[in-house]
2 protein chains.
Amino acid sequence: MGVTIKDIAIKLNISKAAVSKALNDKEDISIELKDKVKKTAKEMGYSPNYFAKKLATKKSNTLGVFILGKENLKGEEYYGYKFLDGIIETAVSYAYDILVFSENKNKSYTEIIREKMVEGVIFIGVDSEDKKINSVKDLLLPISIIDFHLKGENISFLSSDSYKGVKSVIDYLTELGHEKIGIIIGGEAEISKRRYFAYKKILESKNLFHKKYVYEGDFTKKSGYEIGKRLFRKKDRPTAIFSVSDLMAIGFIEGVKANGMKIPEDISVVGFDNIGFGYYSNPSLTTVDQNPLEIGQMAVKYIMDVIENKNVNNEILIEPKLIKRKSCKKIK
Amino acid sequence: MGVTIKDIAIKLNISKAAVSKALNDKEDISIELKDKVKKTAKEMGYSPNYFAKKLATKKSNTLGVFILGKENLKGEEYYGYKFLDGIIETAVSYAYDILVFSENKNKSYTEIIREKMVEGVIFIGVDSEDKKINSVKDLLLPISIIDFHLKGENISFLSSDSYKGVKSVIDYLTELGHEKIGIIIGGEAEISKRRYFAYKKILESKNLFHKKYVYEGDFTKKSGYEIGKRLFRKKDRPTAIFSVSDLMAIGFIEGVKANGMKIPEDISVVGFDNIGFGYYSNPSLTTVDQNPLEIGQMAVKYIMDVIENKNVNNEILIEPKLIKRKSCKKIK
DNA sequence: TTGAAAGCGGTACCAT
DNA sequence: ATGGTACCGCTTTCAA
């Protein structure tokens, strides 16, 4: 099996070198020969042997993707796969292949990377306690890490831009006429704090921040529910609520409805994360999508830019997307 | 960069051949030399060049995975990625690499497969209208296709076993004392029909089947809700409901609760699919997990079995797993 | 513009 | 048990 350039060379009675050059569109070869070679290559069903090519050129044209952190979840969906679409799509556009790896007890990240000869690596789902990750610094390969900070020569950090995400929420709500905008936070979690700070800063700049509209949950749906339920009794209620997570937002909606109030008629609500169920909740949930597609795309682009010696920024924040659904209403 | 076997050979003053044999644990080489070679290889930081090896042996040790059908979804989660865990894990255990591909306008499946020289291919998310898939028959490679039938030499069909899944539901409910077990079906959808037939067959064998307990939804959450809401008025109600999908089950629960009835006190409910939100619903939803992990594992195993010339079965049905949560109650 | 030949880093056959 | 060497399929330098 397998037609090789040698076969083509013999058939056309020319040299292997000429065939190779023709097939690779090199300059120093006549157009006529190029066409002839390409034509017969197609006729003969030629398909290049990538391993021979890679051996000769010492370029693997391959990126590695480590998909980690799946064992820490209980029943929840694994978020990490969402980046894969953007990664594959972009890699293909650069004619790169994607090799996927997972946790491996027997081999270190470095060993795997070296063995497979990838030209760049993307890490998804790195655990904050992961010590082994440090060793990849020595590789000097371009590396993109999603949602995890690691300082190093050609290492980038990618994440969605919390500030812009929150800003899009507040802008949207103010456009709809809301001025009393509450927030449901999630305790001390890093991610909750970041979103809360953005919220506070933005509202303060508009003189709309009020401590009394800050409600403290704990990232569970139940905590959102309780807040929604208690809301009924308050005399001074916000007209809109921004929940730092979709799950609490959905709990909140249920809690509010449990008292006979209506969403969005009585209060508008916006979540954050764009979990699958928000699409089906009642009403469907307006939320912020972290834009994992673009994060994946940029992870690849960073690596390509390093390979092509372009200037790069090691801190890449992606603008999240506001997904407008039915849980918000224009007032006034 | 890159220590090669030649470097090792020079250092130890032996031949490349000896080094190669030692590193590959061949029989015809002394143990002493083996140890010595391995030791210095490690010292020198040797890492094999996989491309050279693959070129020489003509074995790629690589599997390709096509991840398809992502553009047909609106807001829902993409299910296909769930198979990836099992695929990667199993491939690693066979020392195979995984190359992932996606839709590609410019190249056919066959072209990609041939170019990348994979030894086997797994298809995820093949569209039922996909004509191009037929061409892969000519490849004669071992191919595993999840949830899609394609007849061919070394082509396997993998899916979860609907019958066993439904059986585990009914068995569980009868164990809990239920005899009036209703079902919410989803119209004419293939998947709904399969589950309904299993339900009917199993209940009939126990003389528990009654047409009046069959409720017709349409796979939307809303349809489940309506059924739940109407249930209140019926004089003869089932004590348990099996919904052919989680989404309808969750809608049903909401509908039932809207009338002040309680789950699972007034009626037990079981879903199917194990969507992420079932874990958070109130009460959390007992459901059937299709066991995508094992499907992924078996997809790889099939390919390996073909490669190793073992006997294989081209129709692989995986036993789903019943996930017991809080939406069912023992009666009597 | 074309071709001969060396080399990429291994493997494997055949001698020794 | 160890080594010499051809070869896997392609690229690339240098000469023609």
Side-chain angles (χ1 to χ4, degrees), chain A residues 1-42 44-62 95 97 111 113-119, chain B residues 1-42 44-62 95 97 114-119:
Chain A
M1 58 151 274
V3 180
T4 70
I5 56 170
K6 191 176 168 190
D7 299 326
I8 301 176
I10 292 174
K11 177 136 189 179
L12 291 177
N13 207 22
I14 55 176
S15 71
K16 277 166 56 182
V19 176
S20 171
K21 283 173 187 169
L23 256 16
N24 288 295
D25 265 323
K26 298 284 181 190
E27 286 306 317
D28 59 345
I29 192 113
S30 68
I31 299 186
E32 300 81 54
L33 189 54
K34 250 183 215 177
D35 291 344
K36 202 159 90 182
V37 170
K38 284 183 184 169
K39 187 160 153 282
T40 50
K42 186 162 242 169
M44 298 176 74
Y46 169 76
S47 180
N49 183 319
Y50 272 61
F51 300 125
K53 183 170 201 155
K54 286 168 180 181
L55 177 59
T57 57
K58 300 184 148 216
K59 256 193 113 299
S60 72
N61 266 68
T62 303
D97 293 328
E111 278 180 286
I113 292 168
R114 249 200 280 267
E115 277 186 5
K116 305 311 178 192
M117 312 186 95
V118 294
E119 292 179 39
Chain B
M1 56 149 276
V3 180
T4 70
I5 55 170
K6 192 176 168 192
D7 299 325
I8 300 176
I10 292 174
K11 178 137 188 178
L12 292 176
N13 207 21
I14 55 175
S15 73
K16 276 168 59 182
V19 176
S20 173
K21 284 174 187 170
L23 257 16
N24 288 297
D25 266 323
K26 298 284 181 189
E27 287 305 317
D28 58 345
I29 192 111
S30 69
I31 300 185
E32 301 81 50
L33 190 54
K34 251 184 215 176
D35 291 344
K36 202 160 88 180
V37 169
K38 283 183 184 167
K39 187 159 153 285
T40 50
K42 188 163 241 170
M44 297 176 74
Y46 169 77
S47 180
N49 183 319
Y50 271 61
F51 300 125
K53 183 170 202 154
K54 287 170 179 181
L55 176 60
T57 57
K58 296 182 153 219
K59 255 194 114 301
S60 72
N61 265 72
T62 303
D97 294 326
R114 247 200 280 266
E115 276 186 7
K116 305 311 179 193
M117 311 186 95
V118 295
E119 292 179 39

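So you know, we letter chains A, B, ... as the sequences are listed, proteins then strands, and number each from 1.
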- Query: Is a donor on one side and an acceptor on the other found under 3.5 Å between the side chain of A/Ser60 and the backbone of A/Met117?
  - Reply: yes
- Message: It should be established whether A/Ser20 places a side-chain nitrogen or oxygen under 4.0 Å from OP1 or OP2 of nucleotide D/dT11.
- Response: yes
- Message: Could you tell me how far apart B/Arg114 (CZ) and D/dG9 (C1') are, to the nearest whole angstrom?
- Response: 18 Å
- Message: Restricting to salt bridge (Lys or Arg N to Asp or Glu O under 4.0 Å), what partner residues turn up for B/Glu115, sequence neighbours left out?
- Response: B/Lys107
- Please report, rounded to the nearest Å, how far the C1' atom of D/dT11 is from the CZ atom of A/Phe51. 17 Å
- Task: Write down the distance between CG (A/Asp28) and P (C/dT1), rounded to a whole number of angstrom.
- Result: 7 Å
- Give me the bend of the helix from C/dT1-D/dA16 to C/dT16-D/dA1, using the axes of the five pairs at each end, rounded to 10°. 40°
- Item | Side-chain N or O of A/Ser30 closer than 4.0 Å to phosphate OP1/OP2 of C/dT2 | yes
- Message: So B/Leu55, base contact, sugar-phosphate only, or nothing? Heavy-atom distance under 4.0 Å.
- Response: base
- List in chain and number order the residues that pass side chain to side chain donor-acceptor pair (under 3.5 Å) with B/Asp97, two or more places apart in sequence or in another chain; answer none if no residue qualifies. A/Lys116
- With sequence neighbours excluded, give me every side-chain hydrogen bond (donor to acceptor under 3.5 Å, both in side chains) pair touching residues 20-30 of chain B. B/Asn24-B/Lys53, B/Asp25-B/Lys38
- Could you state the atom-to-atom distance from NZ of B/Lys26 to P of C/dG10 in whole Å? 15 Å
- Task: Would you please name every residue forming a side chain to side chain donor-acceptor pair (under 3.5 Å) with A/Lys59, sequence neighbours left out?
- Result: A/Asn61, A/Tyr96, A/Glu119
- Query: Can you check the A/Lys53 NZ to C/dG9 P distance for me, whole Å?
  - Reply: 18 Å
- Message: Just N and O in the side chain of A/Tyr46: are any of them under 4.0 Å from OP1 or OP2 of D/dC10?
- Response: yes
- Would you say B/Asp7's side chain and B/Thr4's backbone share a donor-acceptor pair under 3.5 angstrom? yes
- Task: Give a yes/no answer on whether the side chain of A/Asn49 brings an N or O atom under 4.0 Å of OP1 or OP2 in D/dC8.
- Result: no
- Between B/Ala56 and A/Glu27, which has a closest nucleotide on DNA chain C that is more 5'? A/Glu27
- Item | Polar pair under 3.5 Å, donor/acceptor by atom type, side chain B/Lys54, base C/dG9 | no
- Query: Residues from residues 9-19 of chain A sitting under 4.0 Å of DNA chain D, heavy atoms only?
  - Reply: A/Lys16, A/Ala17
- Value in whole Å for how far the C1' atom of C/dG10 lies from CG of B/Asn61: 14 Å
- Note on the structure: On DNA chain D, more 5' by nearest nucleotide between A/Ala52 and B/Glu32 is B/Glu32
- Length of the NZ-C1' vector between B/Lys59 and D/dC7, whole Å: 19 Å
